[in-house]
Every structure is written in structure tokens, then in C-alpha cells.
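What follows is a set of notes on a single structure, which appears directly below.
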Amino acid sequence: MPYLYNTPEDQAEMLSAIGAESIDELFKSIPDELRLNRPLDIPRALGELDLEQHLRELAGRNLHASNAVSFLGGGSYDHFVPAAVDTIGSRSEFYTSYTPYQAEVAQGNLQAMFEYQSLITRLTGLDVSNSSLYDGGSATAEAVLMAVDSTRRSGRVVMAESVHPEYRQTVTTYLANLGVEVVTVGTPEGTVDVAELTAEVNDQTACVVLEHPNFFGALEDAETIAQVAHDAGALMIGVFDPISLGLLKRPGDWGADIAVAEGQSLGTPISYGGPVLGILACTDKLIRRLPGRVVGETTDRRGNPCYTLTMQTREQHIRREKSTSNVCTNQALFALRATVYLSLVGPGGLRDVANLCLQKSRYLADQLDSTSRFELVFNAPTFKEFVVRDKEGAVEALVADAAKEGYLAGIPLGGWYPNLADCMLVCVTEKRTKAQMDALVEVLQTGAAKAAADELIQAGI
Amino acid sequence: MPYLYNTPEDQAEMLSAIGAESIDELFKSIPDELRLNRPLDIPRALGELDLEQHLRELAGRNLHASNAVSFLGGGSYDHFVPAAVDTIGSRSEFYTSYTPYQAEVAQGNLQAMFEYQSLITRLTGLDVSNSSLYDGGSATAEAVLMAVDSTRRSGRVVMAESVHPEYRQTVTTYLANLGVEVVTVGTPEGTVDVAELTAEVNDQTACVVLEHPNFFGALEDAETIAQVAHDAGALMIGVFDPISLGLLKRPGDWGADIAVAEGQSLGTPISYGGPVLGILACTDKLIRRLPGRVVGETTDRRGNPCYTLTMQTREQHIRREKSTSNVCTNQALFALRATVYLSLVGPGGLRDVANLCLQKSRYLADQLDSTSRFELVFNAPTFKEFVVRDKEGAVEALVADAAKEGYLAGIPLGGWYPNLADCMLVCVTEKRTKAQMDALVEVLQTGAAKAAADELIQAGI
Amino acid sequence: RDTKLIFDLSRPGCRGAVLPDCDVPSAEPSSLLPASMLADAPPAMPEVTEPQVVRHFVNLSQLNMSVDTHFYPLGSCTMKYNPKRNERAAAMPGFAEVHPYQPEETKQGMLEMLYEMQEILKEISGLEACSLQPAAGAHGELAALLVAAAYFKDIGEERKKVLVPDNAHGTNPASAAMAGFEAVTVKTNIDGGVDMEDFHAKLDDTIAVFMITNPNTVGIFESNMQKLADEVHARGGLIYLDGANMNAILGITRPGDFGADMQHYNPHKTFSGPHGGGGPGAGPICVTGKLAPYLPGPVVEKESTGSDEAYFKLVNPEKSIGKVRAFFGNTGVLLRAYAYIRTHGPQGLREVSENAVLNANYLLAKVKHFLPVPQGERCMHEFVATVSKLKAEKGITAMDIAKRLLDYGFHAPTVYFPLTVKEAFMIEPTETESKDTLDAFAETLFRITEEDPDLLHDAPHTTSISRPNEVAAARNPCLACM
Amino acid sequence: RDTKLIFDLSRPGCRGAVLPDCDVPSAEPSSLLPASMLADAPPAMPEVTEPQVVRHFVNLSQLNMSVDTHFYPLGSCTMKYNPKRNERAAAMPGFAEVHPYQPEETKQGMLEMLYEMQEILKEISGLEACSLQPAAGAHGELAALLVAAAYFKDIGEERKKVLVPDNAHGTNPASAAMAGFEAVTVKTNIDGGVDMEDFHAKLDDTIAVFMITNPNTVGIFESNMQKLADEVHARGGLIYLDGANMNAILGITRPGDFGADMQHYNPHKTFSGPHGGGGPGAGPICVTGKLAPYLPGPVVEKESTGSDEAYFKLVNPEKSIGKVRAFFGNTGVLLRAYAYIRTHGPQGLREVSENAVLNANYLLAKVKHFLPVPQGERCMHEFVATVSKLKAEKGITAMDIAKRLLDYGFHAPTVYFPLTVKEAFMIEPTETESKDTLDAFAETLFRITEEDPDLLHDAPHTTSISRPNEVAAARNPCLACM
């Protein structure tokens, strides 16, 4: 075994020091009848070369953002990751260390997490950020728990149907046994009708959950909705797209008390949806309700500035069942990647990325809308995603056919929104080119432009 | 520009500190008539995303060892590179540092080079190794210069025709103006005829250069030939394949005074033949003639063991035109990779790699030999390469056709050996599988098994 | 050392990234989006160049101890070596760039790998069903407890009590509370085993789940395991196995065989996924057949096709609790675990546990003479020593020794956990460390116990900082550079 | 620190790699190969595991200063930032795994990149032909001098004299000797310029080549450049430009325009290819038209095809000197250089030189008050200060200051080069460093000059080792662990 050091001689010597006859003797506390007296029925061992060939074979049977042209979004985005992000993220000292329990030998991680928290507060316009959660979905659920806890209102949680369906499912799952009602406000026009939502928000409402830009890519009247929530004494939870903040007002600026996001766009690979990065920031008032790890600045014994895990009395290892959350391991490595990403792009780069997404997605939306087969479904302005209807009502087949041509065209919406069964969600990031978009329009109309696609893929355009 | 820090404000401040009006003023020592008064006529700047897309497009137009099945060798080999080699080779502290002029802040590089030198002496069975040269070809030329210099014989150098033709060309180029005759002993049977060689070695012969296993993959009677050289007072220079030493006697053991090799097989990518790794080791007697950097163990001011560049009085920055060589920058990073590679595989792994090459190449040789179209050309035993003749005499076309099917079948030999114009050199490393070899035999016979090839490539088999 | 923050390096106009020109007709954002929604300016990110960013973070990295640089015997965290081949695999675009909402037929390789992981995890646990969705061990606990809640609801039983030993990880009671249960603590003995008297006092027909860590957090295989499981089952309850300590028992005993109905794995511990400075991990769960319908979904199923190749599809369990996160799961971590498991095979995995336990017992044997180990002479993959004697005699605390170890180039063990052992000093060497390293560590530990207590109180002495003021940090939190 | 060698970790039976089983019929090696040629056992490589190897080398790495961690103003070496996108490009299998002997039509992307590099290098140098073959700057010198020799031989002129200024890099005379020429030293002035009197004394009709570094190694643009070139040309000689200092003049002036007939580039310096702890570099050369036929080959030519895409082919120059190495050249280094040049474009490359020169002049302005700079008030991309005054006054040497800088977290400048300046202290900041860094460096330098000389003689104090005994090392060389 390439990772085991003990030779038979070592083992003998060690057993002798222990005073045991055999390794088996070390396991004698496990009763025989509980032992597995056969080898595990799992595949045989592979050397590194065999393993790599096996994994390449598996990987070779997947389409992905490098061998296909992808217009998939829906919370997981093909944004460009600068090489320097990989350089830092693959530093041994970052990825083979653990939670910074010993601050003296973890100042690298701690300072990076402090910088992450600082970047997130600046990004969101809120006062504090934790040092990451699992993903956007569970971060939304944690935010709802914070709201229920801090408002002491366990009556209801109001969510817009335009919030990512899997985030809503996650919230529902988390609340299943806590006696809180989840009310979902429909968004048949693609965005929240403020009056309808207002009708559902009452004095037992812990929070309103809104995504902006929403799952359909559309912009919500977030400012007004936040006012509705606050008027009822509820907290406003805003789910945001970090990239959109290159152009849009920040959640803290439009009234969110808690802002949560999927941070994968900030330098983390898509990786089939995980591991990714849950972002959560909130106002100062909610600081003691924060879930997860938090890093604070302090001074050391010698009076030097330094960083340490702090406010641990919120946490499960001290507070156990009374903790703000059970989160222990988070996604530190991707918080680091986000820190590097945001540092590299800076304000100007973030704005450029956002603007390219806006311009390009608008171009593709217009192109599709001008075909005879497709039409845009909603009127609200969109940021980088939009919903189109296939007038021929064959969206699943269309997507499957496009995949055969090397295009991941969009996400069919029928599974989550039966009324949108003939629709798909299309996303355009800064990586897509005009040539690719024009080719997609062609492919979706003709269903047969394989040659062109191959050329574009190979050309990396 | 992403790598430039000075803002216009910085520049103004700095110019003021300098006492200059403008940046242009700093260049006033360059006469106007020598200035380029137009922008360089080179392509426009690309951002990182554009650049990556452009380079992917270029890369996408090349066959390579991952999208084709390669049987190419000839001094550049598709051996497996363990992932840990990349991990170490991509450490910032290794690849962004330079020649260890300040030993105190370069002990990492210095110790690694000392370990490299130690590994190479153990690998070759010789006393000393330098810390790398450019490649196998120039290392061979440097060895010849050492021999000419140390024997004080500038009459002739005797080389076997079975030495890599480009190594021989390099030697010839290096010797062009030094008045040394290069005598090449033909190897029509694939290996040196000892009697013929003996006839060419005289008392003015500085060295005999032999490759073993040779360019054709065949084993030479190295021990006897070394004796011939030594009997004439000449030095024996052995060109070796590091991988072969998992099984074969070491150059130092069969009588080489200087052993040189292309070290790319030891963990360095093929990279179109460069940058790679020139290995050179020699006997103690030749130590003061060593070209290139050498690291030695010593103690520091405090008496602690440490490493430093040493014997620098051989070198050009001190000895100028009297130096042993002009080599300054060498290939430290690949010497490091070789060090990691050899440490990982260890003696057992090196033997396994060598044995897999032997067994698999013999399998393919037998399979091809048993077809009606091909025959093995030479009788000498081979290690991992062999020469086959296309009885239909269309080897260039065959190779081109196989490439279209995704197979890099072999290296046509006619360009170097007119008498082998209908032959090609085929190489099999441990990465090739039986399925790939069987498919190659099929492709070469039928010229049409594209589907099969595609499957295998995709399957990574 | 340089203590500048990335913000301190910022200078207006600097920039580390240049984006492409827009290749489609472009309009002012204000003409495309409502002006009221636009920010006046982008957020105040630092303005720095790529060389600055790289040097800043490379230098920061060197302030960390890590498995690749140091022995890291952090108890309960299984800081084993993180194989580099796993990282290479995870970087393959065919895994790293697969989108969660791609059509099934375009990701068969991914689904096959995930299916195989389900099968492997079921076999290792001896349980019948698996969900790969949870993102970390604690998340797995929560998911499994939600499964249990759904099960009881479905069969019409009102059960709220979750028993948790007092030496359990804090995540256990926290997860129980999040899932809507009431966590009740059960006492444990000196060897970490469940106090049977207290157990019996608290066990009744309202029990939903007994959450047990086995081997327990003291590193001992629970001697009453069978009995505990039988009694809980007899009362209609379920056994939850906290899988944090699976590294001790791979291929030797299986949770399903010793009574567990549910368990999570920590692939970043047991199966070498790197710890990432605090994540990502993953928390796949396995459960018995009767709980399978409630698992979070989707799970991967294999469908025979006529041809050689099977077809893999995503299916939601019949009565699924729903999702505990977006998308499928922490695939990238699971892939590394898969690579690790495939590197070892059946015999290799068993050897992992054998050597993990051997290394721990060896270290115990070397250490017990000067650092008492209340649990006795033997352990599984880790053990808990106590510094209370030294504290009483010389005023040296577990924290003192931990900090002093840093000076000698060793990461500290886990201290003050479990809470049931005074001045706990919890050492887990893992199987990827050599006898030489263990010897050096034991010698250093001994040397430290002989040192001047004052030297220890002020330790560490060689690190960039020493003993942060944690009270001040918590009292007046400064959590961001505004 | 741990000073174990990898051999010290070896234990028989350990192993870091497992190879695949043989999938073809297998025979004993002794039945396939002559027994006399087989070794009794494989060579005595260390027997260690992957975790040991990784920890060993990661720890070694941290003992180095590097550009990614420290300011590295090593004069004449252009230690600029090494962009990470270049490394990503070089790792693409479509570049990293292309074989040198593949059919031309299967590597058109590679050949196009190399062709473009030839064109770009020609344009930057203002010369007419390019060979990418040489593996490093010194190798380029040798190759170009061999070209010159072939040219003279071809036109029937017997010329052996190569003039080399006394402040040139040692590679110049060494290369001249290797190429069969006789190197003759020409004196230089205080500002590094060629002493015209000495030049005239040594210039005669036997001159083959005048090797000049311009900007010279003192960091000054040679004031008599045009005159020198004219006179050498008038005598039938050739001008060779050592391209080590190209970072000062990109897009500003071109060697071909100021009289050079040949030059090499150091892409690992000028074009950001990493230095790799001492290589690999590359040493492409450009020459005037009349020398083109003698270049080492092959070179890449572009062929118009009927279609949109051109076809790129490998051609050997008509009267080529042959090869100076195997295969094409250091493609991987050239690719990084290509990525760098494409990142900058025409304006960007000019800004590189402008800022390199600005940074050097700024540092000169900050330093000259306490560290005399004999060359005067201005420089190009680097300058040479002298410590001789301090040596005379306080006994502080250039080496003392260099060593003491290490304590403050700065790599030392180049010392004792060029030999023409006493106690030379040669500083090249490069354009990728910030004003803040330059300020901190200048302040530290000043502080050091004010420190107790004894503190400096014993420096460095904070590094793992201090001042190796180089005399002992050279006298009794220990070059390997046997």
C-alpha cells in the first residue's frame, strides 16, 4: 500500500512494545460475533496508473463545460476561474490542514477567513459574515432558522416561488419537525406580486425569503418586499448571486437582514453541484445567532494582532443541543478560493464579469425570442438567465438532442414548475461567445449542426 | 496589465523622487535614431479568458498521449508520472526560485539537488553526478568534450551509428570547430560489431560513445566495447535509458567512465521534446572536468550540516573562457521531479516499470512479426523499443493513416537511416495495454479501425 | 512577519484580471435594468495585482501547519495523508465541470462512480441503503435524524427522545435539536463506555434514537454494544452510529452488524479527502432497509439494459424527507473517497484500520508511563490521555503541552475533548505515519513534561503569534475589516 | 530543522508506487535478455511511502526564498512574477503530451504557436530569422557563435577573435571558447561602457564577433553602440547581443536596429518563464538574413494552403550548423513566453520595460545616498551599487549586506558581479514589484548599513543555516550520499 509505512518488521517491533502478540489481539475488544469474517465485497485494489485509467474512462463518459458548450445555470455556473485561484487553492498548507483549533499554527487559514468575512460584508453591504456554510440551499435553511430563533416567531415563513426550488425544498426539510408553516407565494409572472406577498405576511411571520435575481434570472422588487417584511416585524432574507453585485445594489442596501448565496461562482469548480460554498451574512443585531465558524481579530500574548476562532459559545462543541447550528466542518477551502477570486477581479473585474453576463444573456434571449420556435416567457428584466418557451412543447427532447450535438442548452423547468413544462432556463456567462450563442440558436432550430458544434468546441471558442 | 502595480499616481510620485519629468526621460540614453518609433507589430493583448480560449484552440489541434494511443519513443517517452511529482514540481518555492546563489535561503533546492546527485550516482553506478544539463543530446556532447579535455586527445571520437541520431548530430555540431574527427561505426545489424569498432579505436581516440539499450531499442555488448575503449586508453561514454536500469546492469558496472541520459522518463512531461533533463555522471577521476552546477555537502558557520553550490572554479562565471562548460541555467526543476519520481517508485517500482516495458514491447513485437505485412528487422534482444519493417514499403503513409485513426504508431527511420526507409521504431511503455496493442496491430493491417480506436481513447484504456 | 491584510495592499486603479471585450452589441446597464436596482459603484473589493495576490496568499499558507508538512495527531479528526492522485482525479474536467442539471445520459460516468460509492458504503457499513447527499458529518446526522423522524411519523409513533452519551461529539445533540428531537444525555464510564445504569434510567418507550459513537470518542469499542442495540430496538428505537471513528474498523466489523440502523461517514476523515483548512467534507449516510424510503434524494439506481453497459439513473426515494441541500451531494469529496477506496481494495482497507489501531496502541504504550491514560492499556485508532496529574503536581495543563508541542514542530492533539475526561489529551496518529515519527513525538512529549512549567505556560515560543486573547475576541468581536 | 535526507527515511519493503499487473503473457527477464546484461538487483533507490516523499519535499520547499514568497532583486536574472495562467497553459495535454516525432499534420497547433513565437521574437529584435532550438541563454550564445563560425567558413574567411567586454557574463567567453573561437577581453568604463581605446587596440581584421550586452551588465545603454557596431561591421565582424537585459528595451529599441547581427533571448527572464530553482530556461536566437541559412534546425515555416488555415511545416535551414540538442527546443518554456507576450500585446510589452526601468531608477534614487552607485544617476532596468566605501570605513562587505537582507525577508541582490565594480551590489527590481516593496527594501538596506558590523559579519541569523563553509566544500567535495 503506497500510503502505509509499517513494514512487517515495524509491526513486530511495535507489537512487542505494546505487549501484544498480534494485530488481531488489538481488536479483541470487538466480540467475535460482531466481526466480519470475510473480506469486504468491494472492487479490487488498483495501482495509480490503473486507477487513473479507470477514472479517465468514467470521466470520459460525461459531457462537461470543456467538451460541450454549456448554457446551464440554475445555481451552478460556468464562470471563469483564474489560474491563480487554483495555485492558491492547491497549496498543501491550505488544503491539508483542518479547522484552526491551534491559532498559532493556523494564522494563514485564520487570516484568509477573516479576509473572506471582510469581503463578504463588503460584497453584501451587511455587518458580519460567518466563515462559510455548505451551499446556497442549506445556507438559506440556516438563515430561516436564525430568523425563527431571533424573532421568536415560529408561526410561518413566507417564501417566493421564484426562489430556487431546491433551496425551498431544503428549507421545508429543515423545518419539517419544528412546527413552522412554510407559505409559498406563487410567481406566475416570473416575479413576486407584492400585494399577494403582503397578504401572506402576518405578525407570526418570522421571515420573508426572496431570491434576487431570482431562479428565473429575473429581478425582483426587493426593496419594496423588504419593506413589507419589516413592516410586519419579520426579517428579510435575500438570496443573491455574488456575480450580480458587480452591477446590482447589495442585499444590505435594499433591506435584507440576512443575505445568503451559493458562492460557487467565485472561483470554485461546478463539480456536479458539490462541494460548493454557502455564504451567509447578516446585520450586527443577529451576530450571536450566526451559525458556523467565525474568525475574529484579537491580540496575542505579546500584544501582536492576530486571528482566532471566536464566539464559540454559539457552537455545538460547547453549547451542544443549544447551539445556533450543528455546523462543524464547513467549506473553508472554497471560502479561500472566493477570497482569492474577489481579490483578483477587484471591483472593476467584478463589474465587467457582471456586465458581460448581462449583455450576452440579453443577446441570446433576443436571438431566441426572434425565432419562430421560442419565446421569452416573462417580462421582468433579467440578469444572466432567462426562461424561454418551446412553442412546440418538446423541451426535454430538444435538450436531449442538443446534448448530442455538444450543447447543454438549458434546464427544463417542468419538474419544479408544472406550468412551465414547455420551458427551459438558459444561462449565459462571460465565457460564452457570440459564435457559440449563434450556433446554439441554429442547433435548437435545426437540431442538426453537429459539425459546427464540433468545430467550436475544438476551437475552444 | 494584471502584473504591473504602478498606477499613474505611483509613477508620478516615483518620477518626482527620481527627479525626472517623464518615463521617456529615463530612456534618453538611447539615441532617437535607434528608437523604435512605432508599436511592435505583434498580436494584440488578450485577457486571461481570451488567452486560455486561444491556447485551448491551439492545443486542440494537436494529437497527444491522452487523445491518441502513442507508440512513439526515440528518446522521448510516455511513461506514467505519479500525481505526487506534479504536487512537488508545482510548489511555488521550487519553481519560482532560481539557482541557489544564497545557500541560506535555498537549502530546499540545494538538498533536493544533493539528493538528485546521490540518486543518479546510485542509478548509474558511478561516483559523481552534476545537478543536470539541458537534455540527453547536449549531455552527450558535453561528455565528449570532457573526454577530449581529460584524455588530452583531440584526434577522434568514435560513435556507434546506433546512438540516437540527434545526439550524434549534436556531438558533431559541438565539435565542428575544435578539430576533432568524428568517426561513426555503422550498425547495419542493429548493434555494434565489436571487431569493426575496435578497428576504429586508436591511440588518438578520446572516447567511444555507445547507447545501451540503443536507439533501435537493442542491447549492445557494452561490457566488451568498454574494454575496447579502455584498452586503447579512451574513455567509455555510455548513453543509457534510466528506466532500463530497473533490470539492466548499470553503466558504471559495465565500464562506462561517463554516463549520460535523457531523464525525461523520470517524471517530466514529453512537452514536444523540451524542456527535458540531461543527466551526466562520471568517475571520481573526472570530477574536476564536470560541466554544470554541482552541489556539495558542508557545514555552516554554526557547524550544522548544509548544502552549497561547489567547485565553482570550474564554472564560467569565475573561470570564463577556461571553464569546463558554458552551462549556467540547467534543468533544476526536472532534476527535482526525477528525484521525487525515483523516491516514489523506489527500487521495486523501477524494476516493475522496466519489466512491464520489456514484457509489453515483446508482446507487440511478436504480434507485429506474426502478421504478413511486418517483420522484425534486427535479431538483438530489445528492451522497450524495436524496429519493424513494412514489407509493403509504405511506412510514412502507414503512420499518417494510423494517426487519422488515433494511433501514433511509430517513428519512420528513413530520415536518419536511408537503409531503414521502410522501417519504423515502435515503443511500448507500461502505460500501453494489451487492448491498445491488439488494436494497433489491427489498425496497421487494415488501416480502418477508427471506431475501435475512438472507443479505447475515450475509455482511457 | 508581515501582517498586512489584502485590503492594505489595495491601490485604486490596480487590477488582477482583465475581462474580454464584449463580442455582442452592448448597451448601458441602466438601459437594461431598472436604475433603482443598480449600485452606484461595485463593492469595495481590494484593488491589487496578480503578483500581489499570489505572494500574499502563498505567504499566508506558510503560517499553517498541515498534514503535508507536519505530524497532525488531532484526535477525532483522522488527519491521514491526502493522496495526490485523488486531487488529480478531482481536477479532471470530466468530473470537475459536470453540471448538476445535465441530462442523465450525458453523465453516465459520474453516475456510475456515485452508484459504486453507494454500493461500497453500504457494504462497509453492512446497511441496506445509502444517500450521498449530506455535505458533512453533522449534516449527515441531521439528515439521518430527519429520516428517523419521518419514519416514526409514517408509522404513527410519537417519539421525541434522542439519547446521546455525554462524551459524544457536540454535533450529536445539536443535530438532534435541529431535527426537532429532545436530546437527553447519558453518562459514560472512565473507558468511554455507556453507563448502563444511567442508560436504563433514561431508556423508555419514548425513545426515538440512541446516537452512539463506536469506537467511542475515547477510542474504545463499546463493550455493551450488542446489548444496547438490543434494548433500544426492543423499545422500538433506532440506533444511530456516528461514523467519525470508522477508520478503526474498516472490514473488521460493520455498524449494521453490531446493531446500527443508520450511520454517516466522514469521507474527509476515513477516506482521505483533504480537510481543506476546515472543509469541504461530505456526510453520506447509510440506513437499514426500513428507513430507505425516507432518504434524501435523489439516489442513483442501476438499470440493466440489453447491452453490456448498464444505465444509471437518478431516483427519489418513495417517501423522501426531501433535500437537505441543493444538488446531488459533495461529489468532489466522494470522488476522492472513491479513488482512495479503489486504491486500497478489500485487503488494503482492512490494513488501513489495522495499522491505524497499531499506531495508536504503540503510541499509547510509549506515552502512558508519563501521561496517564485512564481508559487503560489498549485503544482502537485513538486514545485519550489526561494531564490532570501534571496539573495537580506542577500546574501544567493540557493546553500548555499542546502549545509547547507546536514549538517542536508537531501539531497538537485535540485537547479538552471529550469533556468527560479531565484535561483530556486526545491523540490519533493515523496509519499513514511512520514508527519513526511516533517515536519522535513520544520522546518530545516526554521531554515537555519534564520542562519548566513556566516555559510551557508561555508556549509556543517559535510561532508567529502566541496565545491569542480569546476572551477579548469573543467579548468585542471584530469579524471584518470594514 | 529536520535535516534528514530522503535516504535516511528508507526502510526495506516500503514503497510509494504500485505498478499494474502485466496484461500480456509474461516471461522471466532472464529468458528475454542475456543474463550478463542483467543487474542482480535494481539500484539502491530509497524505499519510502508517498506520504513521506510529499512531506519531505514540501518541507524542503519551505526552506527556499522564491518570487512567490519574497522580493527577489537578483541582478541580471530578471526575477519577475511568473504568471499562473502560463503554468496552466503548459499543463494542457495538447501541449505537454505532444511527441517530437509525431507527423507534422498531427501537431499543427503546436507548430503554429512556435511559428508565431519566431515571428514575435524577430519583430522584437528587429532581426530577420529565428531558431527556437537552444535550451538556455548560454546555449543560445554557443549556437549563434557556431552559426557565425559556419558563416565565416562558408565565405572563406578565417576569423578566430571574439571580443568580450570585461563586464560580460562569464558565459560569453566560455561560449566563445566552446565554439572554437579565441576570447579577447575588452575593458569597460565606470559606467560599464566599452573603453573605446582598448576596443580600438583589440579590433582588427581578424575579428569574428563582438559580444556585447546592451543595456550592459551595469544597467546602462551603451553610449557608443552605433559606433561600435559600425566599426566591427567595417572590419567584417559580426555583433552578438547578449539578450539577458532585454527586459529594459521591449518595444523601445531593437538590437537589429542598433547594429546586432545575432542575439539570444532568455524567455525565463524577459518573458516570465519561471526560473525553476535553476532552470529550465530557453535560449532562442535571432539573426540577420545573411546568417539565416546556418541556423540550427528545424525551424517552422508557414505555407499558404488554398483554405483558411495555413499549414505549418518543419524545415532545416539550407546550410544549418546542425542540432545543438535533441528535438525541437524548450517548447514548454517558449509556450509560457508566448502566453506572456500575448497577455501584454504591443503596448503592454512596452509598459513592462517602462516600469522595469522606472522601478530601477526609483530604487537607485532611494539607495544612492547611502550606497554609492558609481555609474551615476540613471540606469535602465538594473543598477550596480558598490559597498567599497562601507568596506573601507566599517569593514562591511557586499556579502555582509546580502546575507543580512535575508534576515529581513528579502532575497539578496547579485553580489560581486560584474567583476569590474568593486564590492558590486547589483539590484534588479523588475516591473512586477510595487512601490511599497521598493520603499521597504530601500529602508531596510539603509537600516542595515547603520547596523553593527559584527551583526552583519555573522548574518544571516534567522535562516535555517548560516554561511556554509564553501572552501571545505570545494576542497573535499562530498557530492552524493553513497
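Throughout, a chain's letter reflects where its sequence line sits, starting with A, and its residues are numbered from 1. Both backbone and side-chain heavy atoms feed into the values below; hydrogens, waters and symmetry mates do not. As the structure is a prediction and not an experimental result, all values here were calculated from the model.
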Side chain, backbone, both or neither: which part of Thr308(B) has a heavy atom under 4.5 Å from chain D? side chain

State, yes or no, whether a side-chain contact exists between Glu87(D) and Ser90(B) at a heavy-atom distance under 4.5 Å. no

Selection from Gln102(B), Arg35(B), Met311(B) maximising heavy-atom pairs under 4.5 Å formed with chain D: Gln102(B)

Side chain, backbone, both or neither: which part of Tyr3(B) has a heavy atom under 4.5 Å from chain D? both

Of all the heavy-atom pairs spanning Asn64(D) and Ser97(B), show the shortest one and how long it is. ND2-OG, 4.3 Å

Applying a strict 4.5 Å limit to non-hydrogen atoms, the region of Val128(B) in contact with chain D is side chain

With a 4.5 angstrom heavy-atom cut-off, is it the side chain or the backbone of Arg467(D) that approaches chain B, or both, or neither? both

Non-hydrogen side-chain atoms of Leu336(B) and Phe57(D) separated by less than 4.5 Å: yes

Smallest heavy-atom separation, Met92(D) atom then Ala59(B) atom, equals SD-CB, 4.2 Å

Would you mind reporting whether Phe94(B) and Leu60(D) have side-chain heavy atoms less than 4.5 Å apart? yes

Interface moiety of Leu350(B) toward chain D, non-hydrogen atoms closer than 4.5 Å: side chain

Relative to chain D, which segment of Pro43(B) carries a heavy atom at a distance below 4.5 Å: side chain, backbone, both, or neither? both

Sub-3.5 Å donor-acceptor pair from the side chain of Asn62(B) to the main-chain atoms of Met110(D), do we have one? yes

Toward chain D, the part of Leu408(B) with a non-hydrogen atom under 4.5 Å: side chain

Nearest non-hydrogen partners of Leu40(B) and Pro346(D), listed with the distance: O-CB, 3.4 Å

Would you indicate whether the side-chain heavy atoms of Pro347(B) and Glu47(D) approach each other to under 4.5 Å? yes

Salt bridge between Asp352(B) and Arg15(D), side-chain N to carboxylate O under 4.0 Å? yes

Output the option from Glu297(B), Met14(B), Gln117(B) having the highest count of non-hydrogen pairs under 4.5 Å with chain D. Met14(B)

Given that the side chain runs from C-beta out, which part of Asp135(B) has a heavy atom under 4.5 Å from chain D: side chain, backbone, both or neither? side chain

Which one, Asn6(B), Thr121(B), Leu178(B), leads in non-hydrogen pairs under 4.5 Å with chain D? Asn6(B)

Centre of Phe27(B)'s six-membered ring, under 6.0 Å away, within 45 degrees of the axis: is that where NZ or CZ of Arg378(D) sits? no

What part of Arg91(B) is in contact with chain D, defined as an atom under 4.5 angstrom from a non-hydrogen atom: side chain, backbone, both or neither? side chain

Test side-chain contact (heavy atoms from CB on, under 4.5 Å) on Phe221(D) and Leu34(B); report intermediate values, then the result. CA-CA 11 Å; Phe221(D) 193 86; Leu34(B) 300 185; 4.1 Å; yes

Least distance between heavy atoms, Ala179(D) atom then Asn177(B) atom: O-ND2, 3.0 Å

Counting only non-hydrogen atoms closer than 4.5 Å, does Ile23(B) touch chain D with its backbone (N, CA, C, O), its side chain (CB onward), both, or neither? side chain

With a 4.5 angstrom heavy-atom cut-off, could you sort out which part of Thr171(D) is near chain B: side chain, backbone, both or neither? both

Side chains of Pro2(B) and Thr343(D), heavy atoms from C-beta outward: is any pair under 4.5 Å? yes

Go through the steps to decide whether His275(D) and Tyr95(B) satisfy the test ring-ring contact (aromatic ring centres under 6.0 Å, His included), and finish with yes or no. CA-CA 6 Å; His275(D) 285 71; Tyr95(B) 85 88; over 10 Å; no

Non-hydrogen atoms of chain B under 4.5 Å away: do they reach the side chain of Phe181(D), the backbone, both or neither? neither

Given a strict heavy-atom distance threshold of 4.5 Å, which part of Leu356(B) is in contact with chain D: side chain, backbone, both, or neither? side chain

Pairing of Glu13(B) and Lys435(D) as salt bridge, 4.0 angstrom limit: yes

Give the ring-plane orientation class for His164(B) versus Phe327(D), where under 30° counts as parallel, over 60° as perpendicular and anything between as tilted. perpendicular

Could you tell me which portion of Ala176(D) (side chain, backbone, both or neither) has an atom closer than 4.5 angstrom to a non-hydrogen atom of chain B? neither

Between Lys323(D) and Tyr167(B) (side chain of the first, backbone of the second, donor and acceptor by atom type, cut-off under 3.5 Å), is there such a pair? no

Residue from Glu321(B), Glu223(B), Gln169(B), Glu104(B) scoring the most non-hydrogen pairs under 4.5 Å with chain D is Glu104(B)

Is the His99(D)-Tyr272(B) ring centre distance short of 6.0 angstrom? no

Side chain, backbone, both or neither: which part of Val353(B) has a non-hydrogen atom closer than 4.5 Å to chain D? both

Backbone N/O of Thr96(B) and side chain of Ser66(D): donor-acceptor pair under 3.5 Å: no

From CA spacing to verdict: side-chain hydrogen bond (donor to acceptor under 3.5 Å, both in side chains), Arg301(B), Ser466(D): CA-CA 6 Å; Arg301(B) 188 170 62 77; Ser466(D) 182; 3.2 Å; yes

Minimal heavy-atom distance between Arg44(B) and Arg342(D), with the atoms involved, is O-NH2, 3.5 Å

Report which part of Tyr174(B) has an atom under 4.5 Å of a heavy atom belonging to chain D: side chain, backbone, both, or neither. both

Leu248(B) and Leu33(D): side-chain contact (heavy atoms from CB on, under 4.5 Å), yes or no, with the steps? CA-CA 9 Å; Leu248(B) 300 183; Leu33(D) 301 173; 4.0 Å; yes

Max heavy-atom pair count under 4.5 Å with chain D, selected residue of Ile18(B), Ile270(B), Thr310(B): Ile18(B)

Is any side-chain heavy atom of Pro477(D) closer than 4.5 Å to a side-chain heavy atom of Val294(B)? no

Tyr98(B) and His411(D): aromatic ring centres closer than 6.0 Å? no

Test side-chain contact (heavy atoms from CB on, under 4.5 Å) applied to Glu433(D) and Tyr5(B), step by step: CA-CA 7 Å; Glu433(D) 296 294 335; Tyr5(B) 185 84; over 6 Å; no

Sub-4.5 Å side-chain heavy-atom contact between Ser271(B) and Phe95(D): no

Side chains of Glu112(D) and Arg61(B), heavy atoms from C-beta outward: is any pair under 4.5 Å? yes

Within the side chain of Thr173(B), is there an N or O that forms a donor-acceptor pair under 3.5 Å with the backbone of Ile321(D)? yes

Need one label for Ser131(B): side chain, backbone, both or neither, based on atoms under 4.5 Å from any heavy atom in chain D. neither

Please step through side-chain contact (heavy atoms from CB on, under 4.5 Å) for the pair Tyr101(D) and Ser76(B), ending with a clear verdict. CA-CA 9 Å; Tyr101(D) 297 142; Ser76(B) 178; over 6 Å; no

Engaged part of Leu349(D) at the chain B interface, taking heavy atoms whose separation is under 4.5 Å: side chain

Heavy-atom pair with the smallest gap, counting every atom of Glu115(B) and Ile6(D): OE2-N, 3.0 Å

Between Gly296(B), Ser129(B), Gly137(B), Gly136(B), the one whose heavy-atom pairs under 4.5 Å with chain D are most numerous: Gly296(B)

For Leu72(B), which atoms come within 4.5 Å of any heavy atom of chain D: side chain, backbone, both, or neither? both

